[in-house]
**Q** 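I have a structure I would like to understand better, so I am pasting it below and will then ask my questions one at a time.
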Amino acid sequence: MPSEITREFIDQIEDAIERRDAEFILSNMEEMYPVDITTVLYELNTEQSKYVMDVLPAEVGAEILSDLDSDVRASFLKNFTIEEIARYIGEMDSDDAVDLLNEQPVQRKEEIIAQLEDQEHVADIIELLHYDEDCAGGLMAKELIKVNINWRVGQCTEEIRRQAENVEKVYAIYVVDDRDKLVGRLGMKTLLLSNDQTPISQIYEADVISIESFKSDQEVAAVMQKYDLEAIPVVNIQGRLLGRITIDDVIDVIQEQAELSRQLMTGITENIEEDDSVFRLSRARLPWLMVGMVGGLLGARFIGLFEGDIAIIPALAMFTPLITATGGNVGIQSSSIIIQTLANKTIMFDNFTSRIIKVLLVAVINGLVMSGLVLGFNILFGVQLTLSLVVAVALFSVVLLSSFMGTVTPMILDKYGVNPAVAAGPFITTANDLLGLGVYFLVAHLLLNL
């Protein structure tokens, strides 16, 4: 069962560490999930966490290190010797081992690898080190179950028992030919129900979804989401089976993408954490704040251009916040819907013209309802009819324009390889504020001078 981490439990662990009571720590943590132990370690200081890690079995420590945030882990491992790190890496899957090694300085990385005893594990790690971390090859693990198409079920079963010692979770059995080319997959139920003398070639499924090692992590996530896969085999350009990517690694990718998009949509230009330095946090926030400030200055200049109209009807200024707020909200709504569609690569876009027509029809309905309500509200409360009409017409125009901008901008950015999430936050808001003010005072100028 998952453990409930309480302040009282943390205090007990801290007391046990101070007394160097390894038996107490082991007895209280041996039934805990590694991820729950990780939660405890986040509440301890570095020296205390190191003692707990020394007490726990190496395989548990390996899972804990795999769960730690990369920045925290890199700092934490500075307190471990080369031999200690190598002991944990020896218990990790190859993909997790490579993630940890890539956080180490080059010399320290080579020294750790030199300490590893399992040469097959070393070979797998060295092969994975050649891949970029944001591609399928960088995500995959070498540990998997594969059988030859020319084998019979009996031989296949024995080989699976041997290979399964190094595979924590068996999602699928992959079938390869004599050159290690992926040709299909074998269902566990089919294998168990087949006679020992049955050839694999007669019972395997040739229909298998795979992905090339050079594909991006985003493409991996899109394929696994589309086909609802728990694991996907990775092949090279010749179709040779290299490894597999499991759902837990893809969830990490999806979370990172969602976090990056959320930060971009709120005007944060870097992937930051709460515990980052003050300088980095400021650097990540300032660019779009500066854009917003410049937008505000330009908005002030827009208002200045129509100073004469405002002098005639000062109440024009009263409705400025309504126009800018509506334009910003409509733009963000439109861009968010488009970004959601763009993020789901399994959805095919209709042609550009039909999509724009649909957006404009929605904008027309929303604009008519909102401008009608504003017109009725102003007339009900005695606002001058001319001004009421100016506000209503301007609001309708702003809704149309903001919807168009919020739809087209992310599509254009995506086409040119720029993350469309950039468009959903300060960019759209600032642009629509300026456009809204321009439309509002232009409509006012035209109607007031008729």
**Q** For the residue pair L193 and T190, establish whether any side-chain heavy-atom pair is separated by less than 4.5 Å.
**A** no

**Q** Within a strict 4.5 Å, meaning less than it, do heavy atoms of the L186 and I203 side chains meet?
**A**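 L186 reaches I203 side chain to side chain.
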
**Q** Can you name the side-chain hydrogen bond (donor to acceptor under 3.5 Å, both in side chains) partners of R108, sequence neighbours left out?
**A**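 So R108 forms a side-chain hydrogen bond (donor to acceptor under 3.5 Å, both in side chains) with Q104.
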
**Q** Looking at I323 and G436, what are the two nearest heavy atoms and their distance?
**A** CG2-O, 3.4 Å

**Q** Can you tell me if K109 has over 12 outside heavy atoms packed within less than 6.0 Å of its NZ?
**A**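 Counting neighbours around NZ of K109, more than 12 heavy atoms of other residues, nucleotides or ligands fall under 6.0 Å, so yes.
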
**Q** Is there a side-chain contact between M29 and V60 (heavy atoms, below 4.5 Å)?
**A** no

**Q** Looking only at atom types and distance, does a side-chain atom of N45 sit under 3.5 Å from a main-chain N or O of Q48, one as donor and one as acceptor?
**A** yes

**Q** Which atoms form the tightest heavy-atom contact between P34 and I64, and what is the distance?
**A**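 Closest heavy-atom pair between P34 and I64: O-CG1, 3.8 Å.
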
**Q** Return yes if some donor-acceptor pair links the side-chain N/O of Q163 with the main-chain N/O of K146 below 3.5 Å, else return no.
**A**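 Present.
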
**Q** Anything under 3.5 Å between a donor and an acceptor, one on a side chain of residues 241-248, the other on a protein residue two or more places apart or in another chain? List them.
**A**
residue : atom : partner : partner atom : Å
R244    : NE   : E143    : O            : 3.0
R244    : NH1  : K169    : O            : 2.8
R244    : NH2  : K169    : O            : 2.9
T246    : OG1  : D248    : OD1          : 2.4
T246    : OG1  : D249    : OD2          : 3.3

**Q** What's the separation between atom CD1 in I173 and atom SG in C156, rounded to the nearest 0.5 Å?
**A** 5.5 Å

**Q** Please determine whether side-chain contact (heavy atoms from CB on, under 4.5 Å) holds for the pair M32 and I5, giving the CA-CA distance in whole Å, both sets of side-chain angles, and the decisive distance to 0.1 Å.
**A** CA-CA 10 Å; M32 293 176 65; I5 311 300; 3.7 Å; yes

**Q** Run the numbers on I10 and V40 for side-chain contact (heavy atoms from CB on, under 4.5 Å), then give the verdict.
**A** CA-CA 7 Å; I10 300 294; V40 174; 3.8 Å; yes

**Q** Do the side chains of P233 and V208 get nearer than 4.5 Å, heavy atoms only?
**A**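 The answer is yes; the side chains approach within 4.5 Å.
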
**Q** Are the side chains of D95 and L139 in contact, using a 4.5 Å heavy-atom criterion?
**A** no

**Q** Can you check whether E205's main-chain N or O pairs, donor with acceptor, with R185's side chain at less than 3.5 Å?
**A** no

**Q** Show the nearest heavy-atom pair for residues I237 and F214, with the distance to one decimal.
**A**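 I237 and F214 have their closest heavy atoms at CD1-CE2, 3.7 Å.
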
**Q** With rounding to the nearest 0.5 Å, note down the distance linking CG in L44 to CD1 in I13.
**A** 8.0 Å

**Q** Tell me, please, which residues at least two apart from E133 pass salt bridge (charged side-chain N to carboxylate O under 4.0 Å, His left out).
**A**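 Counting only residues at least two positions away or on another chain, E133 forms no salt bridge (charged side-chain N to carboxylate O under 4.0 Å, His left out).
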
**Q** Can you list everything that forms a ring pair (Phe, Tyr, Trp, His ring centres under 6.0 Å) with F76? Sequence neighbours excluded, please.
**A** F80

**Q** Does atom CD of E8 have more than 12 heavy-atom neighbours from other groups under 6.0 Å away?
**A**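 No, CD of E8 has 12 or fewer neighbouring heavy atoms, counting only those of other groups under 6.0 Å.
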
**Q** Where is the tightest heavy-atom contact between Y440 and A394, given as atom of each residue plus distance?
**A**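 Result for this residue pair: CD1-CB, 3.6 Å.
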
**Q** Atom CG of L360 and atom CG of L400: how far apart are they, to the nearest 0.5 Å?
**A** 7.0 Å

**Q** Report the distance from atom CE of M370 to atom CG of N329, rounding to the nearest 0.5 Å.
**A**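 It is 8.0 Å, given to the nearest 0.5 Å.
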
**Q** Got a second to check how far N79's CG is from E47's CD, nearest 0.5 Å?
**A**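 It is 9.0 Å, given to the nearest 0.5 Å.
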
**Q** Are the side chain of N236 and the backbone N or O of Q238 linked by a donor-acceptor pair below 3.5 Å?
**A** yes

**Q** Of the non-hydrogen atoms in I149 and D177, which two are nearest, and what is the gap between them?
**A** CG2-CA, 4.1 Å

**Q** How would you list, by chain and number, every residue that makes a ring pair (Phe, Tyr, Trp, His ring centres under 6.0 Å) with F381, sequence neighbours excluded?
**A** F377

**Q** Please confirm whether the backbone N or O of I89 pairs with a side-chain atom of H121, one donor and one acceptor, at under 3.5 Å?
**A** yes

**Q** Any side-chain heavy atom of D69 within less than 4.5 Å of one from Y42?
**A**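 Heavy-atom side-chain distance check passes, below 4.5 Å.
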
**Q** Out of curiosity, F396 CZ to N366 CG, how far, rounded to the nearest 0.5 Å?
**A**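 If I round to the nearest 0.5 Å, the distance is 10.5 Å.
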
**Q** Checking D11 now: which residues fulfil side-chain hydrogen bond (donor to acceptor under 3.5 Å, both in side chains) with it, not counting sequence neighbours?
**A**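 Checked D11 against side-chain hydrogen bond (donor to acceptor under 3.5 Å, both in side chains); matches are R7.
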
**Q** Applying side-chain contact (heavy atoms from CB on, under 4.5 Å), run through N378 and F319 and close with a yes or a no.
**A** CA-CA 11 Å; N378 285 338; F319 294 99; 3.5 Å; yes

**Q** Has the side chain of S75 got a donor or acceptor atom that lies under 3.5 Å from a matching backbone atom of D71?
**A** no

**Q** Evaluate side-chain contact (heavy atoms from CB on, under 4.5 Å) for V443 paired with V439, printing each intermediate quantity in order.
**A** CA-CA 6 Å; V443 170; V439 168; 4.1 Å; yes

**Q** Check whether S94 reaches the backbone of K142 with its side chain - one donor and one acceptor, N or O, closer than 3.5 Å.
**A** yes

**Q** Would you say the side chain of N28 lies within less than 4.5 Å of the side chain of F9, judging by non-hydrogen atoms?
**A**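 Touching, per the 4.5 Å side-chain cut-off.
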
**Q** Side chains of L129 and N102, heavy atoms from C-beta outward: is any pair under 4.5 Å?
**A**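 Yes, at least one pair of side-chain atoms sits under 4.5 Å.
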
**Q** I need the single residue from D93, L100, D96, D99 that forms a side-chain contact (heavy atoms from CB on, under 4.5 Å) with S66. Which is it?
**A**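 Running side-chain contact (heavy atoms from CB on, under 4.5 Å) over D93, L100, D96, D99 with S66 returns exactly one hit, D96.
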
**Q** Do you know which two heavy atoms are closest between S403 and V330, and how far apart they sit?
**A** OG-CG1, 3.1 Å

